[in-house]
Every structure is written in C-alpha cells, then in structure tokens.
Asker: 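Just dropping this structure here.
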Amino acid sequence: MALIVQKYGGTSVGDTERMKNVARRCLAAQRAGNDVVVVVSAMSGETNRLLKLVAQITDRPDEREQDVVVATGEQVSIGLVAMAIQAQGGKATSFLGHQVRIVTDSTFSKARIKSIDAQPIRAALSKGHIVVVAGFQGVDDEGSVTTLGRGGSDTTAVAVAAALQADACEIYTDVDGVYTTDPNMVPAARKLDRITYEEMLELASVGAKVLQIRSVEFAMKYKVPLWVKSSFTSDPGTLVCEEDKSMEDVLVRGVAYDRNEAKITVCGVPDVPGIAAKIFGPLDEKHIVVDLIVQNPSRDGRTDLTFTVGKSDFVKAQEVVRQVARDIQATGIETDDNVAKVSIVGVGMRNHSGVAARMFTALSAEGINIQIISTSEIKVSCLVHSKYTELAVRALHTAFGLDQPLPPEGAATVSESAALKGEKV
Ligand code: ADP
Ligand code: ASP
Ligand code: MG
C-alpha cells in the first residue's frame with residue numbers, strides 16, 4: 001500500500017461543488033489502494049479577503065494577530081472537505097496545524113516549519129480515514145498560530161509528505177502542470193513533462209507561483225517525488241525530479257515574472273568599508289528579504305546603492321532605510337514600485353554560452369530598458385518597468401524557442417547550437 005499526499009489549492013476548493021470533486025478524487029485514490037492525506041488551502045479569494053479586513057483596522061498590523069486572522073481560511077476548508085468525504089461514504093478526520101504539531105519558528109507571516117508530528121496522522125490512517133490537514137499554518141514554541149507565507153499550503157503538503165516518508169506528493173491546481181511560462185499570461189506556453197528540482201526552485205524563487213519556493217526546497221532535500229497536476233483533468237501533469245543527462249539539452253526551461261518587488265535606492269552613500277553591512281544589517285534584523293542588489297561605481301567618494309524588497313515589506317523597508325541613510329549621512333533615498341523582474345531559467349545554461357546576451361538582445365529589440373541584472377548558474381533575471389512585464393515575458397519565450405513544440409528529451413535543440421556560437425555569459 002502506498003501513501004500519497006495530495007494538496008488542493010484555493011481554486012480547487014473554491015466552492016462546495018469543487019470540494020465534492022476533491023472528495024471524489026481523494027476517495028478514488030484511496031479505493032486504488034493508497035493511504036491518502038489531503039492538504040487544503042483556503043477557498044480562493046479568502047486569504048485576500050481576510051488580509052483586507054486586517055487592512056481596514058490598521059496599516060501596521062501586529063504580525064502575530066494578523067496570522068491569527070489569516071490562518072482561519074484553511075480551517076473552514078478542512079472541515080468542509082472532511083464532511084464532503086463523509087457525505088460520499090468515506091471516513092475522514094481534519095486536523096489544524098497545531099493538532100499535528102506543525103511546529104514553526106516565530107517569523108509571523110513567513111514562518112518556517114521545524115518539525116511535524118506524524119503520529120496523529122498515522123493513527124487516523126490506520127483506521128482507514130482520509131486525513132485532511134490545514135495548509136499554510138503552524139504553531140510556534142510559545143503556542144502562537146503562525147502562517148507560512150503566500151502559497152504556503154504547498155510547503156505544508158511537501159513537509160507532511162517528507163515527515164510521513166510518503167511515496168508521492170501531488171499538488172493539484174488550476175493548470176495541468178508546470179509550463180514553460182505562466183499559461184494564463186502566454187497562450188503559447190507549453191506543459192513540461194519533467195523539470196529538475198533546481199530549475200523549479202529557481203523558477204519559484206523568481207515568481208512562478210505554481211509552487212511555493214520552500215515546498216521545492218523540502219522536496220529536494222528529502223527527495224520527495226513531487227507532481228503538479230490539475231484537479232479538473234486526468235492529465236499526468238509534471239514531475240519535479242532529480243536532473244539526468246538528457247535534461248541538460250534544453251537551454252532555457254522556463255520564463256518567469258514577478259511584480260511583487262519594489263526598488264529602493266540609497267543615494268550619495270559614502271564609499272567606505274562597512275557601509276553595505278550598515279544598510280542591510282538592520283533590514284535583516286526586521287526579517288526583510290533583499291533580492292537584487294546593485295552598487296554604482298563611486299564618484300567623488302560617494303555611490304548609489306539600489307536593491308529590491310518584496311512589496312509587502314516596502315513600507316517597513318523604507319522606514320528602516322530612511323533612518324540608516326541619516327545615520328550614514330547618505331544624501332537621500334528614492335523608491336519605485338513600478339518594477340517587475342523577468343527571468344529565464346534552465347540547467348542547460350551551465351554548459352552553454354550566450355544565454356544572457358540573447359536575453360538582453362530580445363529585450364532591447366522591444367525597446368525595454370534593463371534596470372538591474374542578476375545571474376546565477378542556471379538563471380538570469382532583469383528588472384524592468386512593470387508596464388513591460390507581459391511584453392518581456394512573451395519576447396523571451398519566443399527568443400528561446402519555447403513557443404515551438406518541445407523537442408523529445410535527449411535531442412539537441414536549434415537554440416542550443418546557435419547559442420554555442422555566442423559569447424560566454
Ligand atoms: P493554487 O491556488 O492551486 O495554489 P496558484 O494560483 O498558487 O494555485 O498557482 C497556480 C498558478 O500559477 C496558475 O494558475 C498560473 O497562472 C501560475 N503560474 C505561473 N507560472 C507558471 C508556470 N510556469 N507553470 C504553471 N503555472 C504557472
Ligand atoms: N491560503 C494561502 C494563500 O492564499 C495559502 C495557499 O493558498 O497556499 O496564500
Ligand atoms: Mg499556490
């Protein structure tokens with residue numbers, strides 16, 4: 001008997017009919033001979049609704065109390081899904097995060113899972129129950145409710161799968177797999193049969209919200225076979241897996257975008273050792289994650305330092321940086337939240353040259369100005385004005401041959417041989 005963890009996102013439990021569909025799918029998996037644990041999200045739009053309620057009370061919410069509010073969406077879903085399973089003749093028990101001891105750190109609104117108690121889940125499974133676990137929420141050492149960041153139910157599912165050493169973790173959503181780019185933005189996007197953990201990690205980190213980044217980290221670390229599938233079709237979906245030789249043939253596996261960043265420039269910073277630490281240290285103390293960073297060459301002993309933070313941290317980051325700018329006697333700060341990050345990702349980049357150059361050419365052909373560039377071994381990101389997001393994504397999708405049907409794995413691509421003639425990144 002196999003143990004499967006299935007996760008259903010907000011759209012998949014968006015109304016009671018859809019919850020009945022989820023119940024049917026869980027029962028079918030159980031009838032096929034599996035133990036089934038199902039992790040569910042809040043009904044679509046519910047987490048946003050709860051966050052709006054918070055915003056109507058205050059624009060500086062206490063993060064502990066905010067988590068108390070936003071974690072409630074999942075409580076409704078697990079109860080309803082458990083009852084939908086029972087109404088169809090099955091046995092089901094629901095559990096909130098604290099009831100299966102999903103213990104996290106105390107970083108409210110983006111807490112990290114430390115451990116899970118598999119025992120209550122195993123006990124219910126052994127009685128033939130389908131176990132329904134609330135996604136997105138946990139509890140810290142003090143017993144306070146925490147949440148795992150937007151999209152956090154994916155992470156709950158993979159962490160539960162890792163704790164139970166499940167045979168598979170299946171993420172059911174509103175698209176039938178991982179695509180070359182967001183299929184809701186680019187109709188020419190193509191579904192991938194397989195993607196490596198590393199590529200998925202990079203795509204998730206640069207904005208492809210189909211999987212939360214932490215879920216991919218967990219899957220990679222604990223070698224959980226991770227599937228992305230549709231809750232509305234029987235398509236086999238996409239397998240996120242270890243890399244093998246044939247997967248290096250594709251230069252760029254996917255294109256992603258992220259409109260959730262904002263840019264801060266500290267102007268006229270004295271160009272002396274220790275200044276970067278003085279700026280980024282206080283941001284780190286406030287748990288503000290900094291993404292892209294660029295420092296201009298200094299002129300007359302002063303330089304400009306630009307970086308991006310998540311939009312949800314933008315107000316907090318400006319307050320911190322304004323204070324630091326005064327302390328270090330910088331001339332001022334400038335801010336801009338009309339920015340978007342567009343990125344290309346592929347393990348093939350490791351062995352092939354010319355990828356970044358081709359990206360810049362494609363963007364410039366559309367008249368798109370690049371504000372910041374950042375690269376890793378298998379990724380190139382560019383920050384652009386947000387009004388160009390869709391144009392940039394489409395241009396890159398075309399430039400890297402992703403509009404065409406994907407070649408069978410193992411076959412060298414035209415784009416690869418062209419790139420081999422290019423210059424090194
Ligand atoms: P859920 O509510 O099921 O967790 P999400 O909205 O979080 O679903 O994630 C699914 C969405 O991710 C899709 O509807 C799609 O618009 C978006 N998406 C972005 N990039 C990709 C990609 N490369 N492949 C598939 N979906 C993507
Ligand atoms: N309900 C949470 C959110 O909307 C968690 C999730 O859906 O994964 O972000
Ligand atoms: Mg999601």
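All residue numbers in this chain count up from 1 along the given sequence. We count ligands from 1, going down the list as the structure has it; atoms in each ligand are counted the same way.
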Asker: Say whether His397 and Asp403, considering side chains only, have a donor N or O and an acceptor N or O under 3.5 Å apart.
Answerer: yes

Asker: Could you tell me whether Glu17 and Lys20 make a salt bridge, using a distance below 4.0 angstrom between a side-chain N and a carboxylate O?
Answerer: yes

Asker: Are there any N/O pairs under 3.5 Å between ligand 1 and the protein, and if so, what are their distances?
Answerer:
unit_1	atom_1	unit_2	atom_2	d
ligand 1	2 (O)	Gly10	N	3.2
ligand 1	3 (O)	Thr173	OG1	2.7
ligand 1	4 (O)	Lys7	NZ	3.0
ligand 1	6 (O)	Lys209	NZ	3.2
ligand 1	8 (O)	Thr173	OG1	3.1
ligand 1	14 (O)	Asp174	OD1	2.8
ligand 1	14 (O)	Asp174	OD2	3.4
ligand 1	14 (O)	Asn184	ND2	3.0
ligand 1	16 (O)	Asp182	OD1	2.7
ligand 1	16 (O)	Asp182	OD2	3.3
ligand 1	16 (O)	Asn184	ND2	2.8
ligand 1	23 (N)	Tyr179	O	3.0
ligand 1	24 (N)	Tyr179	N	2.9

Asker: Parallel, tilted or perpendicular: which one describes the rings of Tyr388 and His385, with boundaries at 30° and 60°?
Answerer: perpendicular

Asker: For Gln75, what residues pass the side chain to side chain donor-acceptor pair (under 3.5 Å) criterion, not counting sequence neighbours?
Answerer: none

Asker: What's the verdict on ring pair (Phe, Tyr, Trp, His ring centres under 6.0 Å) for Phe307 and Phe280, showing C-alpha distance, side-chain angles and the deciding distance?
Answerer: CA-CA 10 Å; Phe307 58 91; Phe280 296 116; 5.1 Å; yes

Asker: Can you work out which protein residues put a heavy atom within less than 4.0 Å of ligand 2?
Answerer: Ser41, Ala42, Thr47, Glu74, Phe136, Arg150, Gly151, Gly152, Ser153

Asker: Flag the pair Lys7 and Asp154 as a salt bridge only when some basic side-chain nitrogen lies within less than 4.0 angstrom of an acidic carboxylate oxygen.
Answerer: yes

Asker: Is the backbone of Thr11 close enough, under 3.5 Å, to the side chain of Arg18 for a donor and an acceptor to pair up by distance?
Answerer: yes

Asker: Could you name each residue pair satisfying side chain to side chain donor-acceptor pair (under 3.5 Å) that touches residues 338-348, not counting sequence neighbours?
Answerer: Glu261-Lys341, Asp291-Lys341, Ser343-Ser381

Asker: So do the side chains of Arg253 and Leu192 get within less than 4.5 Å of each other, counting heavy atoms only?
Answerer: yes

